[in-house]
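Just so we're on the same page: letters track the sequence lines, and every chain starts at 1. All values reported here derive from a predicted model rather than from experimental measurement. Values below: every heavy atom of this structure, side chains too, minus hydrogens, waters and symmetry copies.
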Amino acid sequence: MSGSNTIDRRDFLRVLGISGAAATLAGCGNTAIESGVEKVQSYVQPEDFVVPGVGVYYASTCAQCGSGCGVMGRVREGRILKLEGNTHSVISGGKICALGQAAVQVHYNPDRLTTPLMREGGELKPTTWDKAMATLTARLGGESTLKGAQIAFLTGEVSGHQKALIGNFLDSFNSTHHVVYDALSTATGQAASKAVLGAAQPLLQIDKATLILSFGNDFLGAGVSPVHMAAQYARFRKAPRGTLIQIEPRMTLTGANADRWYALKPGTEGVFALGLAHALLEHGQFAKTVPAPIVAALKEYDKETVSGITGVHADAIPHVAGMLMEHTPSLVLSGPSAEGQVNGAQNAAAILLLNVILGNAGKTLQGQASHPFPQLIASAGSYAALTQLNNSMASGQCQALLIAGSNPIFSAPGFLPFAKSMEKVPFKVALVTQVDETAAQCDLVLPLHSPLEAFGSHVSSYQPRGVEIGIQQPLMEGLYPDTRAFGDIVLDLLRQREPKNYKAFPDYYAYLKLAITKARPVFKSKLSDDDFWEDALRSGVLQLDAAPTALKTNASVVVVSKPEKHVIDVRYPFYFVPSVRADLRDGRHANLPWLQESPDSLTTIVWDSWVEIHPSTAAEMQIREGDILEVQSASGSVRAKAYLFPGLQPDTVSMPLGQGHTAYGRYANGMGVNPFKILNPLFDAQTGELATHATRVVIKKTGEHELMVKDEGATNLQQGRKLVATVAADQAELAKETSHVVE
Amino acid sequence: MIDRRDDSDIEIERRFVPKAKDINEDIAWAQINKDVLRSMERPRPMYWVIFAASLALFGFGVFCEVYQYQTGLGVADLNNPQVWGLYIATFIFWIGMSHSGTLLSAILHIMHADWRKPIYRFAEAMTTFSLMTAGLFVLVHLGRVWQFYYVVAYPNERWTWPNFNSPLVWDATAIGTYLTSSIVFLYFGMIPDLAICRDTATGFRRKFYWFLSLGWQGTDRQWANFRVAYLTIACFLIPLAVSVHSIVATDFAVSQQPGWHITSFPPYFVAGALYSGCAAIITLFIILRYVFRFEEYMTMPILDKTCRLTFAIAMVWTYLNLIEYASVWYGNDVYAKETLIYRATGLYAPYWWAMNFLGSVVPFMLAFKSMRNNLTIMMVVSLLLNMGMWLERFMIISPTFAHGYYPWTWTSGWWPSWVQWGIVLGSFGWFSMLFMLFCKIFPTVSMYEVKEMVYHRSEARKARNL
Amino acid sequence: MKFYINATLAFAMLLCTAVVLAEPFVSGGAIGSQTDDGYNALGPVVVQPIEFPHNTHAGTMGINCMYCHTYARRSAVSGIPRLDKCMGCHNLIESVKDKPRIKQLFAYWEKKEAIPWLKVHDLPDFVRFNHERHIQRFYFKDGRPVREVCGYCHGDVASMTTARRVKALSMGWCISCHQKDHQESATNLKTSNGPNDCWQCHK
Amino acid sequence: MSLSNLIKNWSSLRVKRPYQDQYKNADYKWGMVIDLDSCTGCNACTTACYAENNLPVVGKESFSKGQAMHWLRIERYWGEGTELAQFPDHGAQFLPMMCQQCESAPCEVVCPVGATHHTPDGLNSQVYNRCIGSRYCSANCPYKVRYFNWWQYPERAWPNPLEKQLNPDVTVRSKGVMEKCTFCVQRLTAAKNQARTDGRRVADGEVTTACAQACPTSAITFGNMADSQSQVAKIWARQQVELASDKQDKKDEGLRGYRIFEELRTYPSVLYLERVRNSDA
């Protein structure tokens with residue numbers, strides 16, 4: 001599994017002299033001894049280490065989410081077969097998640113776009129690159145007169161030199177409208193974190209904590225850098241074993257791994273946290289950690305009041321507070337279910353306040369190391385940016401829109417008339433590997449190389465240790481002749497806009513190589529430029545040791561308002577919690593069959609959407625599993641099958657995000673429904689971000705019933721068999737065990 | 001020569017036979033020949049209708065099988081853990097059915113129960129045909145039926161052998177042997193009768209019977225050899241028959257699943273087999289008696305004896321069934337007990353209770369002489385008994401799969417697809433088709449043995465009267 | 001009666017003959033018809049893009065098989081030599097440069113295109129045959145001549161032009177060799193035989 | 001001649017119980033340890049298995065019929081008994097379940113054609129070519145981890161160009177054959193081949209299964225139990241679990257190792273470590 005020898009990737013690909021199409025189906029085609037039927041794979045002038053029949057591993061960086069995990073691609077006979085973790089990478093640590101592995105299906109997806117599409121007579125029709133580029137040049141090339149807000153570039157989370165290139169491209173129009181939209185943005189939490197802890201994304205040192213109190217933070221599932229977090233979590237669970245307490249309305253994957261899981265009413269996380277703060281501050285040792293006014297204001301947060309509001313048993317508060325006092329250092333995390341509320345920032349601040357009280361900053365929480373190339377770091381996406389873009393489009397100000405890696409027509413809430421606003425933009429270009437709902441509305445759709453065919457660089461916004469720049473390199477020759485790399489297309493346009501600056505770069509590869517080798521002094525490398533570059537390709541990462549920075553906490557920003565009960569709108573009696581699957585995320589990966597067929601960790605449902613409802617609530621309403629329910633909010637309604645799920649606050653229903661595509665290929669279309677469309681226009685009071693978890697709904701039985709497609713059988717209990725045995729922590733002698741975590 | 005009279009003539013010839021009357025000792029031997037050969041005459045239209053229906057049913061089964069063969073077993077809606085479904089259940093059912101023929105012809109032959117003589121022939125035919133049907137299910141249920149010969153132990157260029165530890169290999173061997181032996185036995189017992197057919201038939205049929213009757217002339221030497229050979233095969237067949245169903249039982253008993261891993265399974269299966277076989281004999285007895293006007297040969301006292309035998313076997317089966325429940329209930333195997341409770345209370349509970357009712361309660365109808373004398377009731381009862389026995393096999397298979405060791409794969413509602421039902425129904429079509437052909441080609445009542453029986457009886461009477 | 005006795009006898013004899021006749025199949029199947037080039041070839045003549053003369057290279061010139069099929073010692077597949085390997089020599093051999101087959105070779109080289117050779121010894125896709133193991137065992141460990149070692153499965157390629165399949169390559173044929181006791185080396189009298197486990201060869 | 005071969009090896013065809021130190025002098029005995037306290041149920045291992053072993057994606061309809069083909073499945077339980085609690089207070093119970101590679105495998109005994117048998121490495125093999133699809137092995141498997149090809153998946157699971165992802169070291173199974181987890185035997189074979197050429201035994205950590213390689217929490221440890229210095233062998237020894245015993249006699253307290261359905265005497269090669277929960281929390 002070791003890395004490969006030095007190689008110039010481009011030469012390697014050229015000299016392979018084989019097409020990617022020569023793969024055979026083992027076992028199903030040839031079942032007898034044959035002569036003269038199949039062709040032999042042979043090479044013209046391969047590198048010495050290329051041996052037919054032996055897989056070669058190349059390092060690259062995963063582009064499936066923003067974590068920037070280093071990966072290794074196994075290549076045989078010119079085909080990429082499988083991705084593994086890259087042991088050089090601090091982020092992945094040689095491991096890989098399900099989502100990352102499915103990247104090969106982005107690459108080999110049968111629904112990939114293989115030719116440019118242009119809108120002719122209202123319809124998208126295949127066209128040639130020449131025509132497509134001519135159109136693009138005419139609109140956005142050197143002659144273009146667009147300026148400033150007239151042009152916008154909408155992307156998902158993008159980092160590295162692609163991000164820099166987008167910035168440069170927009171600069172040439174004097175535009176700053178690089179709009180980053182992430183439907184699952186954590187902007188609210190980041191704002192609160194910035195205020196309380198002094199860092200938007202502080203380093204979480206899970207392995208150093210002895211107790212983690214998490215308010216809906218799904219760091220093992222759909223959080224930031226889950227692979228890295230999982231490795232830390234594994235160390236956290238080794239002796240001395242840390243304890244994880246999770247408090248949330250709907251059990252996340254992290255909650256499913258908690259030592260103790262509490263269900264509470266959505267939106268009351270802040271109240272619970274303040275209740276804990278109150279309980280802690282009653283002990284003198286913590287008294288000086290927060291300003292006196294806050295201490296005074298907290299007086300009202302006695303356990304009965306808090307219990308009344310949150311729905312958590314009153315004894316839980318002193319109990320958890322006691323645990324927090326007993327175990328130091330601890331770590332308190334806030335998550336989307338706390339932040340995605342109208343008082344989201346307030347909630348998050350109240351939660352993070354606990355860290356200040358407990359003195360976790362500097363122990364389990366630290367600032368990220370300062371980055372030598374801040375311009376390469378992924379910028380956080382936000383809903384606010386999308387609204388701005390929407391307004392700009394609706395007002396007719398935006399004249400040209402480029403979209404890459406973002407699908408707002410699918411993932412924006414239903415009340416935002418994004419599709420309608422988009423119609424007002426005269427020129428819309430989508431750069432995609434596969435047509436999605438948004439691309440289908442564009443005037444020009446350009447087929448991109450898959451991340452496994454293109455060069456690139458990734459700089460995650462979460463750098464767990466030091467600084468790591470992930471290098472993405474092609475793992476195989478382009479599958480289709482008519483796809484192009486994202487960087488190449490943008491560079492093409494830039495070359496026309498600013499010929500003198502960009503003439504030197506024949507392609508994005510040259511640009512990237514120069515950019516990386518220019519950075520060599522920062523990495524204090526003694527190698528020559530070429531060797532440095534090759535070394536970077538070989539290891540897949542550029543790393544710099546840098547110490548974490550100190551955090552400057554500020555408890556005084558926490559607003560402690562009077563504890564108030566939620567006012568219940570009787571028309572919409574249920575809280576609605578959208579859940580995020582670690583694999584499908586906001587739906588951009590719903591086109592990958594492995595992920596569709598991979599049972600959801602908690603419900604084991606596949607290929608579908610469902611409505612989670614607590615068994616006791618279901619019993620009251622006489623709902624059985626598989627009954628089709630209509631979930632109606634003030635903004636819309638969707639229908640899905642009911643699933644009885646005990647990990648749920650009983651006044652809450654939950655639906656997974658990611659399904660319900662209508663134009664995203666055969667594996668995504670028609671599977672389930674899209675709950676984004678029933679979110680209410682509710683926003684966080686402080687940041688203006690969408691309050692994703694604040695919608696309230698009513699549930700109606702439709703009388704229809706369908707079989708649930710799930711892996712689970714007739715029971716979800718062990719029925720007295722010793723399948724998953726559980727032992728109390730004080731009974732297990734973990735310290736004596738042979739440690740087998742790969743450090 | 002077989003004379004070809006109209007159906008109306010037959011109607012006229014119908015003689016009145018009192019219900020309680022046993023076979024007429026005074027009957028002329030020529031009359032026996034005539035009566036039996038008459039059943040082989042040109043069939044009436046109803047025959048063709050029923051034959052066509054059987055053929056259609058079989059054809060549908062073939063269609064289902066071809067569809068399944070081409071598409072894969074997925075069309076049967078089998079899954080993990082319901083891997084076997086109706087195919088194996090019906091396989092056991094047909095294997096069970098095959099045991100009655102041997103019981104009547106071999107076991108009762110050795111025990112000198114002469115009342116078997118008029119009815120053993122069709123019972124033996126039933127044995128052969130139900131074995132042939134059962135064999136089909138072994139093939140139908142295979143995922144790669146085109147490789148079925150891997151089960152057979154034969155020297156081959158790959159140097160491979162089947163796994164001799166596997167009950168399925170024992171199965172294949174036992175069923176193969178049993179089928180061969182029962183065909184030989186059936187054929188062997190028919191030789192004197194075939195000679196009679198040869199002597200009366202004309203044209204192609206004559207040649208056919210000439211070939212099959214192996215030069216039978218009825219000389220003393222031939223009879224002597226015939227008797228020794230017949231007895232030898234009978235002796236050989238009895239342990240074979242017992243072993244066949246014991247081996248089928250080991251398919252389950254040797255495996256480890258809850259509800260299967262029970263030592264009493266072999267006798268339980270053998271009893272069940274004899275039970276369903278006897279019930280089927282009653283059914284066919286009534287049908288043949290009615291259709292071919294065999295009232296004089298298939299007399300009510302014979303039916304009475306058969307019914308009493310069936311009742312006895314039913315009680316043995318009930319006993320063994322209770323033993324099975326008891327050993328599970330009082331045993332230490334919690335999983336098996338759980339499966340038993342599941343059978344009685346779970347998804348399949350109606351079938352399970354129906355099986356117990358049909359298998360253990362309904363046979364009490366056979367305990368009453370008035371019932372035994374009523375052909376309609378006996379017909380219904382025998383069919384119900386067989387339905388119960390089919391359910392028994394179904395209850396062995398599906399509930400264990402639905403509620404086995406591993407809770408994760410417990411199924412909540414599994415039902416066979418139309419393809420499975422089609423093939424199961426097709427097997428019934430196949431069986432009745434074969435049986436109907438047999439009735440018209442071979443004598444369904446053993447002429448020479450009836451003659452023997454009549455002779456022995458009158459000799460015995462004479463001896464008593466002397 | 002006689003008819004039946006005769007028929008039974010005939011049937012029994014037929015059975016015996018079948019069993020006896022089956023024996024040759026155990027060791028590799030029936031041999032194909034005599035071909036023009038004098039081989040008992042089992043496979044068809046495969047028309048290759050270039051009629052490569054093995055007889056010149058391995059026969060006349062006596063080049064070690066593994067000089068060209070270099071992957072055989074370190075990979076499951078022996079591989080077709082890379083094109084630059086052919087060129088490495090033929091660039092320097094002026095005398096044959098005009099020959100049509102060499103011209104073809106140069107044409108491929110100039111196009112930087114791999115020669116689309118056809119597989120001659122193409123095992124079914126479920127077979128995990130490993131060249132490396134066989135070469136390591138018989139060539140490197142046992143020290144047998146390379147032509148003999150390769151010839152176990154490929155026949156005497158040195159006397160053919162393009163290769164032709166002359167061995168059965170069937171499972172029984174493989175096993176017939178795996179069952180044999182092979183001497184460890186010329187000096188070591190210890191014997192060993194090939195693996196007998198299904199999963200060694202079936203994937 | 002095969003008949004003489006059969007007679008000669010007759011004794012070896014008999015099923016034997018595993019015995020202590022069975023693999024003492026063997027080169028390899030592959031084994032696994034799964035730490036249920038580390039397993040988070042994230043599905044990385046199952047996807048790795050799909051990628052490595054050419055598992056077909058069966059689609060919604062087949063999945064709904066229970067015809068999924070996941071050699072490695074992650075089960076999620078809400079409780080140990082038969083009653084569902086109001087809330088899962090201590091989280092879910094995740095269990096990665098794959099072929100346990102039993103030393104005395106119920107499937108091996110019953111296969112009529114010997115398509116599944118025990119290899120010298122202690123693996124429970126599945127030879128697709130030999131399989132006739134009687135499904136007896138699956139019927140007899142207490143873990144229900146054998147998966148049958150109900151459909152001709154090669155025709156429907158990999159529309160072009162998805163089939164280019166297929167691992168050439170692993171066969172694509174046709175309809176009518178049984179398949180199951182192989183402990184990534186293709187990787188083991190390759191590693192053993194390399195080691196043999198180098199004249200040594202496969203070193204610990206040199207080869208691992210796809211699931212163990214992917215697992216972000218390293219909950220899965222794979223290795224050679226015949227090598228007493230390997231991680232797996234050490235963990236088994238530390239947990240005082242004997243491969244050839246059906247009732248573990250543990251000297252120390254606080255050990256977490258157990259095997260599922262050990263009482264059925266299947267002698268699985270997969271050791272699970274109990275999930276730990278802080279009951280005070």
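- Within residues 59-67 of chain D, the residues having any heavy atom less than 4.5 Å from a heavy atom of chain A are, in residue-number order, D:Gly59, D:Lys60, D:Phe63, D:Ser64.
- Classification of A:Arg237 and A:Asp259 as a salt-bridged pair holds, one side-chain N sitting under 4.0 Å from a carboxylate O.
- By the side chain to side chain contact (heavy atoms under 4.5 Å, CB included) test, D:Lys175 is found to be paired with B:Trp146, D:Gln152, residues two or more places apart in sequence or in another chain being considered.
- Between A:Phe645 and D:Trp78, the ring-plane angle classifies as perpendicular under the 30° and 60° cut-offs.
- Residue contact with chain A, scored on non-hydrogen atoms closer than 4.5 Å, involves the backbone and the side chain of D:Arg76 alike.
- No hydrogens or angles considered: nothing links the side chains of D:Gln231 and D:Asp204 as a donor-acceptor pair under 3.5 Å.
- When the side chain to side chain contact (heavy atoms under 4.5 Å, CB included) test is applied to A:Ala728, the partners found at least two apart in sequence or on another chain are A:Asp730, A:Gln731, D:Ser279.
- Note: A:Ala256 leads A:Gly720, A:Gly100, A:Ala256 in heavy-atom pairs under 4.5 Å with chain D.
- Of the atoms belonging to D:Pro96, not a single heavy atom falls under 4.5 Å from chain A.
- The candidate with the highest count of non-hydrogen atom pairs below 4.5 Å against chain D, out of A:Leu648, A:Val709, A:Val724, is A:Val724.
- Residues meeting the side chain to side chain contact (heavy atoms under 4.5 Å, CB included) test with D:Ala212, sequence neighbours left out: D:Thr208, D:Thr209, D:Ile220, D:Phe222.
- A donor atom on one side chain and an acceptor atom on the other are found under 3.5 Å apart for D:Arg275 and A:Thr726.
- In this structure, the portions of D:Asp169 lying under 4.5 Å from any heavy atom of chain A include both its backbone and its side chain.
- Defined by atom type and a distance below 3.5 Å, a donor-acceptor pair is present between the side-chain atoms of A:Asp600 and A:Thr603.
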